[in-house]
Every structure is written in structure tokens, then in C-alpha cells.
Protein chains: 2
Amino acid sequence: MADDRRNPTIHDVARAAGVSIGTVSKALNGTGSLAQSTRDRVMTTVRALNFRPNLLAKSLHTGLSGSVGLISNDSFGRFTMPIMEGLERVLSEDGIGVFMANATDDPERELAHLEQLLAKQIDGLVVTSRRADRRPSIEIQGLPIPVIYVFSQGGEDALSFLPDDEGGARLATEHLIQQGRTRIAHITGPDNFEAVRLREIGWRAALTQANLPPGPVLHGPWSEAWGREAMARLLTHPPDAIFCGNDQIARGVADTIREAGLKCPEDIALVGFDNWDVMVTACRPPLTSVDMNLTALGAEAGRQLAAMIKGAKPTGTHRLPCTLIHREST
Amino acid sequence: MADDRRNPTIHDVARAAGVSIGTVSKALNGTGSLAQSTRDRVMTTVRALNFRPNLLAKSLHTGLSGSVGLISNDSFGRFTMPIMEGLERVLSEDGIGVFMANATDDPERELAHLEQLLAKQIDGLVVTSRRADRRPSIEIQGLPIPVIYVFSQGGEDALSFLPDDEGGARLATEHLIQQGRTRIAHITGPDNFEAVRLREIGWRAALTQANLPPGPVLHGPWSEAWGREAMARLLTHPPDAIFCGNDQIARGVADTIREAGLKCPEDIALVGFDNWDVMVTACRPPLTSVDMNLTALGAEAGRQLAAMIKGAKPTGTHRLPCTLIHREST
DNA sequence: CTGGGTTGGGAAAACGTTTTCCTAAGGTCC
DNA sequence: GGACCTTAGGAAAACGTTTTCCCAACCCAG
């Protein structure tokens, strides 16, 4: 009644309910030993005043702020989004908030963000990178809080979560083999990406296992234009299937196939990587693609981070399985 | 020295520097009246202990947490990301952290998130929606903190930031007119989107101003497939220019133009909307498009929110200008 | 009745800051 | 050399919680 400007505090509730603040706290948290009637009276007052405990004050006491930081290096790009979504969903169930910070590969900004986050007493940190190989900042070593690397690799005894690029590539290639394809090419991105190398390994492994010779491998930029160009190069001796390093390349390939008068999938079957909806559905024909399950990756990271905050100390690099999504291009 | 597990507190600094905690606080904040030598001694100790003030404790005192919430309704989709980026960049300069919350149009989740954020004592809230018209939740009325709607419309005396769809459409259409086009069609999205209606208005206004008759308007889904289909319908009497409601539609249109043996831009000039890099660069030819400057929109929202936290009370719906990005399709 | 065990609830310390006094020491002026 | 200002820095309250005692009151048995 006094101030309707200020949020009600536990003191207001105590006064209104005619008890001490300790009693209110016990009623709120279900601790201590209180008569049921007292609990009820307090809770009624709580609702009447629309009281919401100040988590900051609680944090001061418990030493846990109930928030974590996410430092992204790709300006919240296409890959960070689903990760964030999974992470946030899982953590919010535990009442943990996620501070988003974008460092854009600028070590100075990264450090500034880290300082701010630490000052805000975050309980944990998630670091995501973009896809090219890059060492994580040195600064991040020896932090007083748990750190998880998602879609990026931490150091020695760090905990990292990544998609199983090799397994995904194998999945795609095996799928093509099952459909009776025997001359399977691979058109992919720049080979300074670790993911590119891993996917190539997976593709090769599946072929070897099926006693098939590897088709040609073409490296180039991650673009549709490169897909078109690479496919044009293959037109003199066209393969009967192509596994592409991502969906954009695959879509470029599909365009060249169609414009060369060939049929996909009849003449050439095609599999992409990323399962990026806007690409796979707009592709003609709709593209079979490998889904990295990034939302699940983020969710798993969230679960692990929550566990680490409670004291667990998992380490190692974990690669989560990819899934093949079958569409008309195969 | 005592606990190397626990973060050092202001008490540790005070003890090490041989002063009181009040003095440390004054040295840290440059307040009070202290001898320069004392200030220096304290600051040296601060650095030696790697002391970082606990912002939570400070917040308890100041009543400001230095964090705001962002509730998104599109699972951190394509439009939310640049907004977030701009918002976060501006606010982080003021030391304000951004909690990300994804509600995905589920009012129950939205309410739960709001409760969590309020419990964490956020100083302000940003609400973004996806693009179809939707009333903001009722729950958000009468909050004790400033609220800004970005890429979505708040109520009566709320503060909202939106791109100037009408102006952007006018920009695009005027550009086509300047290039001597006279029969300008409009292929766009579902007309239950306010943005679709506004863009159509802008297109029509530019034509009227130039004394040109409006070409046909075709409404359909936001997809390349619709762009292809719509363009096919126009092939009997092709216009000499098309302004599309988004880049995906434009790209579909470009494909049909090319496949019909016509030339873009020679026979038909083409402008898209969104300036979505992956679409405009992969399009053949690269697509002229209207950029909504969402990063700037987010940044402006950040500036305003920071001002509101300091007491400003701006209201109204603000539409920020779009920019035309010229490429080879015109 | 008295004494011991329960039980309900209050008082107060603690968390890590900021800020408002307040006091002691030193300097200045006559 | 005393009265008065400065000035430097300390003590303590305050922010809103949780939690650890601790004390009253009640119950029941002897």
C-alpha cells in the first residue's frame, strides 16, 4: 500500500501476513517447520501482493546467479540460432537465463564480453564458433566457472559438443549406395574446414566398405555458384550420384544438372548437408540432406552445463549423430 | 590467499590494502575524497588480486540489474538475429546484458519466461514477433519496467520500432521507374501480413506519382515455388519489371524468367525485399533488393531502451528507413 | 503439577556492495 | 598557540534474501 512504485519485498509480505521475514522465506521455499495454516496465510498474502522474490538477493546468498553466458563468434548466424534455441529451452526449464554475447571473432570484444559476464556472476559459459578451424581464445582458460564449447572445439580437458560430420557423411553415402549408385562424387567446401575433411573421410569410408572406388572430390567455396561450376566440370563424365558438402552447393549442382538436360534423381542422385529448410525445399527437386540436429546439440549442451553447475566435471569431445532426411533428390 | 576457490571480495581487497571496504569502494568508483596515494594503492591491490566487483551485490543496492530481456516469438529466426545483433552491440557498450528468451508464440511459455526475467530483475524488455499480424500478449501490459516492441507492434502508448515497409516499396518501385520501366507488376506474400499490405501501398503510390497504371498484383506464400508459379502466370503478357514481396519470391521469378528464354534485367527488371544475402547472391542474376536495416533497427531499439531505463518515456510507432541495394537484376 | 520432548516461529547474521554520516588529524589564520 | 576549516578515511546502515540458531509454548507422561 505504501509505495506502489517499488516492487513488494519479503518485508512487505511479512508485515501484511503478520509474521517475520524468515517465516515468509520458509513458506516460499517449503523449508523449515511451519504450521500449514501459516504457510497458507503467507502464500495468500504473496499472491495478493503479487510478490516476486528478488533473485539477485537470493544469488548473493547462494553464490549462484541462475544465468549463463553464450559467446558467439558468428554474429548470431545460421548455425548459432538452432543451438541457442535448444540451449535456451533446456536451461529455462531449470530457471537459468542465457546472456547472449556476440564477439564476431574480435578478441578484444570477446574479452570485454567475458569480463561483463563474469561481473554479472554467470554460473557457466557456452562458446560457439563459426565453422572454420580456429583456436579458442586463450583468455578462456582457467575460468572459475564451467565452460562448454559447442560447434567448436575447446582445448585439452575441455568439454566440446560437435555434430558427427563423419558419421553424417557416411549416412549420406550409404544411402546413395543402397540406391544402387556406384560412381559417387563429392563436391564440397574449402578444405581448411575440419568439417570438410571429416565429411570427406566419412564419404570415403562408406565407399571403401562397399568396395566402390571413390569418385572425384572437388573443393571450392560454400556457394551455389561453386556447385554449379563444379557440376559443369563433371558433365563430361557425369557420376550417377553426388554427395555435397552443404545444401547450397547441392542446390547449385541440382540447377546445373537440370539445365544440362539431365534428370535428378534418375540420372544423378543428390544429397546435401545441413538440411537448411530454405535450401532443401526450394531446390528442384527437393533435396535429400543430412541434418546436424543442432537444436539437439544445443539442448545436450544445456543439460551438461546444468550438470556442471551442480558439480559434474565431464570432459572430452562429443560428436552427436546426424540424421538423413530423405527427399526427392534420391 | 585464504580461499583460492572463492572469488576475491571487496573485503579481501580492503584487508590486503590496509584500508576499509568503504575506501575500496570509493577508489573503485572514483567517488568520495581520498588521497591519490590511497587510490593508487587500492587499485594496485585490485589488480594484484584480480578483483572483479560483484555486480549482483551492486544491483541490490542500486535497484538496477544491468540486464534486459528479449522475448522472441520466432525461435530466433532469420529476422530476429540481426535485430539481436544490433541490440546487443549497443547495450553491451553500456554494460547491459541481454537475456534471450524464445516463446515461439506459446503464451504459456511467454508468461513463464516473463516471470523468470522479472525475477531476475531485468531493467527493460524487448519483444519481437514474427511478421504476421498478431496482438502482443495481454500479460505484458502494466509492467514495472520499460518495454519496447521491435519488428512488432505494441499497444496504444507503447514504443514500437518497425521497418518502413511502405517507404522501402516506394524506393524499389521508383528505382524501376527511373530505369524506364512502365509495366510494373507486384508478386508478394499472403495479404494477412501487414507488411504485405504496406509494401503494396508503397508500390502503388510510386506508380501513381509517376502517372503509371499499376500492374497486376499476385498474392501467395512466401516461397520460391510461388515466385516461379506467379511468374509463369504472367508470361502471356509479361510486364517489363516486377517488384517482389521478398527475395525468395523474387528468386523464383528470376528462375522462371530465365527458363522462359527471357533476359533479366533486359526484358524484365526485378527487385526483391529483405536483401537476404544467401538469396540475393545466389540468384541469377544477383538480385537488387530492399534492405530493412534490421541491425540498425535493433541498435536504435537498444539506444531507446537504455534511455528509457534512465527515465525517458518515448512512445509511438517508429518506422526506420529501408535502403535499396542495387545489383544486376535491374 | 513438574519436567522433558516437540513444534512453530522469531531474531539476527550473512552474502558483497554503495553511501551516508562522522571523527580524527592536520593546516591556516589571527 | 588556540579556534576553526579542510581533508582523508573509517563505521555502519541499507539493499532483499536465506539460514542458523534459539526461545517460547504446548503436549504428554510420571
Side-chain angles (χ1 to χ4, degrees), chain A residues 2-3 5-43 45-46 49-67 95 118-123 144, chain B residues 2-3 5-43 45-46 49-67 95 118-123 144:
Chain A
D3 278 343
R5 202 68 249 139
R6 191 132 209 77
N7 276 342
T9 76
I10 201 172
H11 288 95
D12 300 323
V13 177
R15 199 174 321 119
V19 296
S20 75
I21 60 164
T23 303
V24 176
S25 175
K26 287 166 195 159
L28 281 170
N29 300 303
T31 58
S33 87
L34 297 182
Q36 189 57 44
S37 61
T38 309
R39 278 189 207 284
D40 294 345
R41 183 156 42 95
V42 170
M43 294 312 285
T45 313
V46 161
L49 296 185
N50 194 22
F51 167 72
R52 203 187 331 270
N54 181 333
L55 246 48
L56 265 46
K58 177 173 187 167
S59 300
L60 198 50
H61 204 263
T62 60
L64 287 178
S65 65
S67 57
L118 288 175
K120 292 203 161 70
Q121 308 294 114
I122 53 169
D123 301 330
Chain B
D3 277 343
R5 202 68 250 137
R6 191 132 207 77
N7 276 344
T9 76
I10 201 172
H11 288 95
D12 300 323
V13 177
R15 200 173 320 119
V19 296
S20 76
I21 60 165
T23 303
V24 176
S25 175
K26 287 166 194 158
L28 281 170
N29 299 304
T31 59
S33 87
L34 298 183
Q36 189 57 44
S37 61
T38 309
R39 280 190 206 284
D40 293 345
R41 182 156 42 95
V42 170
M43 293 314 283
T45 314
V46 161
L49 296 186
N50 195 21
F51 167 73
R52 203 188 330 272
N54 181 335
L55 247 48
L56 265 47
K58 177 173 188 167
S59 301
L60 198 52
H61 205 264
T62 61
L64 287 178
S65 65
S67 57
L118 288 175
K120 292 203 161 70
Q121 307 295 113
I122 53 169
D123 302 329

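Each chain gets a letter, A, B and so on, in the order its sequence line appears, and its residues count up from 1.
- At the phosphate of C/dG10, OP1 or OP2 sits under 4.0 Å from a side-chain N or O atom of A/T23.
- Rounded to a whole Å, the CG atom of B/L56 is 22 Å from the P atom of D/dA14.
- Regarding contacts with the backbone of C/dG9, a side-chain N or O of A/T38 is found under 4.0 angstrom from either OP1 or OP2.
- Residues A/V46 and A/R52 have side chains not in contact (no heavy-atom distance under 4.5 Å, counting atoms from C-beta outward).
- Across D/dC15, D/dA8, C/dT17, the shortest atom-to-atom separation from the side chain of B/L60 is found for D/dC15.
- Atoms CD (A/Q121) and C1' (D/dT17) sit 16 Å apart, rounded to a whole Å.
- Rounded to whole Å, the distance from CG on B/L55 to C1' on C/dT18 is 12 Å.
- Atom pair A/K58:NZ and D/dC15:C1' shows a separation of 17 Å (rounding to whole Å applied).
- In this structure, NE2 of A/H11 is placed 10 Å from C1' of D/dC15, rounded to the nearest angstrom.
- A distance-only check finds no donor-acceptor pair linking the side chain of B/N29 to the backbone of B/T31 [under 3.5 Å].
- For A/S20 and C/dG10, the shortest distance from a side-chain N or O to OP1 or OP2 is below 4.0 Å.
- A/N29 has its CG atom 15 Å from the C1' atom of D/dT20, to the nearest Å.
- At whole-Å resolution of the value, CG in B/N7 and P in C/dG16 are 9 Å apart.
- Each of B/H61 and B/A35 was matched to the nucleotide of DNA chain D holding its nearest heavy atom; the match closer to the 5' end belongs to B/A35.
- In terms of phosphate contacts, B/N54 brings no side-chain nitrogen or oxygen within less than 4.0 Å of OP1 or OP2 of C/dC15.
- Side chain of B/D123 to backbone of B/G66: a donor-acceptor contact under 3.5 angstrom is found.
- B/S25 has a side-chain polar atom (N or O) that falls below the 4.0 Å cut-off from OP1 or OP2 of C/dT18.
- In this structure, B/S33 reaches the bases: a heavy-atom distance under 4.0 Å links it to at least one base atom across the strands shown.
- Taking the nucleotide of DNA chain D with the nearest heavy atom to each of A/I21 and B/G22, the more 5' of the two is matched to B/G22.
- Judged by distance alone, the side chain of A/D12 and the main-chain N or O of A/T9 form a donor-acceptor pair under 3.5 Å.
- Look at CG on B/L64: it is 21 Å from P on D/dA14, rounded to the nearest Å.
- No side-chain donor-acceptor contact under 3.5 Å links B/S65 to the backbone of B/S59.
- A residue-by-residue look at B/R52 and B/K26 shows that B/R52 has its nearest nucleotide of DNA chain C further toward the 5' end.
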